[in-house]
Amino acid sequence: MVLLFAGLGLTLVPAAASAHPLGNFTVNHHHAITVHPDRVDLVSVIDLAEIPTLQERPAAQPAYASRECDAVRRGVELRVDGGAVALTARSAAVESPAGEAGLTTTRLTCSFTAPADLDRTAVLDVRDAYRGDRVGWHEMTAVGDGTALVDPPVPASSTSDTLRAYPDDLLSDPLDVRSVSLRVEPGTSTASGAVAGPGGTSLLGTATRAFTDIVGEQDLTPLVGMLAVLLALLLGASHAALPGHGKTVIAAYLAGREGTARDAVAVGATVTLTHTLGVLVIGLLISATSTLAGESLLRVLGILSGLLVATIGTVLLRSALRTGHPALVVQGHGHGHGHGHGHGHGHGHGRRVGRSGLVGMGIAGGLVPSPSALVVLLGAVALGRTWFGVLLVIAYGIGMAATLVAVGLLLVRLRDRLAAVERLRDRFTALPALTAALVLLVGLGLTLRAALG
């Protein structure tokens with residue numbers, strides 16, 4: 001039913017083009033360099049996504065454009081043949097394009113110029129250090145006007161239409177050009193570099209934009225509200241199924257190591273609670289301060305989640321190698337037939353994962369909040385619909401838990417029905433160690449991925 005109604009909703013709600021497919025936390029840079037015989041002109045465009053805009057609130061600061069363009073000028077280094085050349089500001093302008101979930105974005109345009117003797121062979125170096133700690137798209141272009149650029153390493157035209165449309169084929173490996181070295185000669189320059197156009201849009205991306213756009217609707221009718229809740233459930237379920245989160249692997253472990261239906265439900269409930277509380281707490285922190293980089297906080301949470309999974313895997317592997325049974329037991333009864341210490345139940349299957357292990361797995365699965373859910377909450381708060389934002393975040397978490405619980409219940413059912421698998425597990429004593437090693441590897445992979453951003 002959720003899939004049916006959500007599919008109908010996608011045909012009824014027009015989805016606007018996503019302004020920031022790289023994420024709602026990003027600060028994106030574009031620097032257009034024009035080389036003249038007597039000067040260098042530079043036009044810098046800085047595109048702040050919804051959450052940095054919400055934190056800085058540039059619309060409420062009359063002098064924001066001039067002050068921030070001055071910061072851009074100080075962050076851009078220009079050198080000719082190794083000697084520093086000072087940039088001078090010519091103009092500063094700021095716009096507030098509409099973003100997702102009723103929030104706005106920020107588009108800052110700064111124009112600079114610098115005198116330079118370039119009617120001869122020279123080397124021009126440009127380096128961008130402005131907000132170097134923020135995640136985002138970094139792009140540079142270069143053209144010659146009355147001069148020739150010899151084999152320039154950057155294109156003459158913007159790949160992203162000056163930060164207006166990011167090509168899908170580069171989203172997995174976004175541009176990160178923060179410096180360029182140009183060889184200048186007298187003559188006429190030729191364009192270089194092919195410009196990639198924007199690609200198509202995935203169904204999941206369309207659903208996500210429809211979901212966030214609903215929150216920004218001026219008229220929130222019961223039908224629209226119900227559709228938003230259904231989309232939240234669908235997107236939460238899809239988010240949990242995406243690779244890289246480790247949730248499905250954890251569910252498979254629970255099902256394969258004497259996990260029960262109650263265990264799967266317990267993990268799902270913990271995922272929902274952790275994810276919902278995480279979104280609410282991070283949303284409060286982001287709203288309260290402009291100095292906190294949201295993507296940095298998500299990276300820290302990602303590292304903690306991966307370390308938690310790796311720790312669980314380490315404990316399980318250590319126990320499996322030592323005794324042949326997984327650790328994190330609940331108690332010694334409930335599985336034994338006359339064995340008062342729970343060391344078996346006649347089949348050598350091992351013991352159940354304990355309550356602390358289940359809670360740890362659930363926390364690991366829900367610790368990193370979805371940026372989409374966070375944007376929806378912040379958008380609802382900005383529009384005075386905090387209750388609606390909280391409701392959608394809860395629905396999103398329930399959707400995540402549903403996927404995890406469904407996988408766990410399915411595997412429990414299959415395990416109980418396949419006697420051959422039971423006999424194979426009885427004979428293959430290395431299975432607990434292999435399963436624990438898999439959990440450990442997943443945890444290390446998640447930690448490394450989060451640490452590398």
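As the structure is a computational prediction, the values presented were derived from the model and not from experiment.
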Note to self: Please evaluate residues Val45 and Asn28 with respect to the criterion side chain to side chain contact (heavy atoms under 4.5 Å, CB included), reporting the C-alpha separation (whole Å), side-chain torsions for both, the decisive distance (0.1 Å), and the verdict.
What the structure shows: CA-CA 8 Å; Val45 178; Asn28 307 288; over 6 Å; no
Next item on the list: Please determine if Arg67 and Asp70 form a salt bridge, counting it only when a charged side-chain N lies under 4.0 Å from a carboxylate O.
Entry: no
Note to self: I'd like to know if the side chain of Thr53 and the backbone of Thr106 have a donor-acceptor N/O pair within less than 3.5 Å.
What the structure shows: yes
Margin query: Once rounded to the nearest 0.5 Å, what's the spacing between atom OG of Ser179 and atom CD of Glu77?
Written below: 10.0 Å
Notebook entry, point to check: Are the side chain of Thr105 and the backbone N or O of Pro97 linked by a donor-acceptor pair below 3.5 Å?
Noted result: yes
Item checked: Cationic N near anionic O, under 4.0 Å, Glu56 to Arg134 -> no
Note to self: Run the side-chain hydrogen bond (donor to acceptor under 3.5 Å, both in side chains) test against His30 and tell me which residues pass, sequence neighbours left out.
What the structure shows: Glu139
Check: Angle class for the His275/Tyr396 ring planes (parallel below 30°, perpendicular above 60°, tilted otherwise)?
Finding: parallel
Notebook entry, point to check: side chain to side chain contact (heavy atoms under 4.5 Å, CB included) between Ile46 and Val72: does it pass, once the steps are laid out?
Noted result: CA-CA 9 Å; Ile46 307 298; Val72 174; 4.1 Å; yes
Next item on the list: State, with a plain yes or no, whether a side-chain heavy atom of Leu108 is found less than 4.5 Å away from one of Leu48.
Entry: no
Next item on the list: Check the side chains of His138 and Asp128 for a donor-acceptor pair under 3.5 angstrom, ignoring hydrogens and angles.
Entry: no
Check: Got a second to check how far Phe112's CZ is from Leu42's CG, nearest 0.5 Å?
Finding: 6.5 Å
Check: Is the shortest distance from a Lys or Arg side-chain nitrogen in Arg39 or Asp41 to a carboxylate oxygen in the other one below 4.0 Å?
Finding: yes
Item checked: side chain to side chain contact (heavy atoms under 4.5 Å, CB included) between Leu377 and Leu392, intermediate numbers included -> CA-CA 8 Å; Leu377 174 64; Leu392 294 181; over 6 Å; no
Check: How many angstroms lie between CD1 in Ile394 and CG in Leu233, if you round to the nearest 0.5 Å?
Finding: 11.5 Å
Notebook entry, point to check: Looking at OH of Tyr130 and CZ of Arg73, how far apart are the two atoms once the value is rounded to the nearest 0.5 Å?
Noted result: 13.0 Å
Notebook entry, point to check: So which heavy atom on Ala142 is nearest to which on Leu182, and how close?
Noted result: CB-CD1, 3.7 Å
Item checked: Val76/His31 under side chain to side chain contact (heavy atoms under 4.5 Å, CB included): CA gap, chis, key distance, verdict -> CA-CA 10 Å; Val76 176; His31 299 286; 3.9 Å; yes
Note to self: So Ile282 and Leu301, do their side chains get closer than 4.5 Å, heavy atoms only?
What the structure shows: yes
Margin query: When you measure from the side chain of Thr403 to the backbone of Ala237, do you find a donor-acceptor pair of N or O atoms at a distance under 3.5 Å?
Written below: yes
Next item on the list: Enter the distance from Leu175:CG to Ser158:OG here, rounded to the nearest 0.5 Å.
Entry: 8.5 Å
Item checked: Closest heavy-atom pair and its distance - Ala373, Val279 -> O-CG1, 4.0 Å
Margin query: If I compare all heavy atoms of Gly283 with all of Leu378, which pair ends up nearest, and what's the gap?
Written below: O-CD2, 3.7 Å
Item checked: More than 12 heavy atoms of other groups within 6.0 Å of Arg183 CZ -> no
Check: Counting N and O atoms only, with roles assigned by atom type, does the side chain of Thr447 sit under 3.5 Å from a partner on the main chain of Leu307, one being a donor and the other an acceptor?
Finding: yes
Note to self: Could you report the tightest heavy-atom contact between Asp125 and Ser181, atom names first, then the distance?
What the structure shows: OD1-OG, 2.8 Å
Notebook entry, point to check: With distance as the sole test, does Glu50 use its side chain to make a donor-acceptor pair with the main-chain N or O of Glu100 at under 3.5 Å?
Noted result: yes
Notebook entry, point to check: To the nearest 0.5 Å, how far apart are OG in Ser160 and CG in Asp47?
Noted result: 8.5 Å
Item checked: Val180 to Met140 - nearest heavy-atom pair and separation -> CG1-SD, 3.6 Å
Next item on the list: Return the minimal non-hydrogen interatomic distance between Arg107 and Leu163, and the atom names on each side.
Entry: NH1-O, 3.9 Å
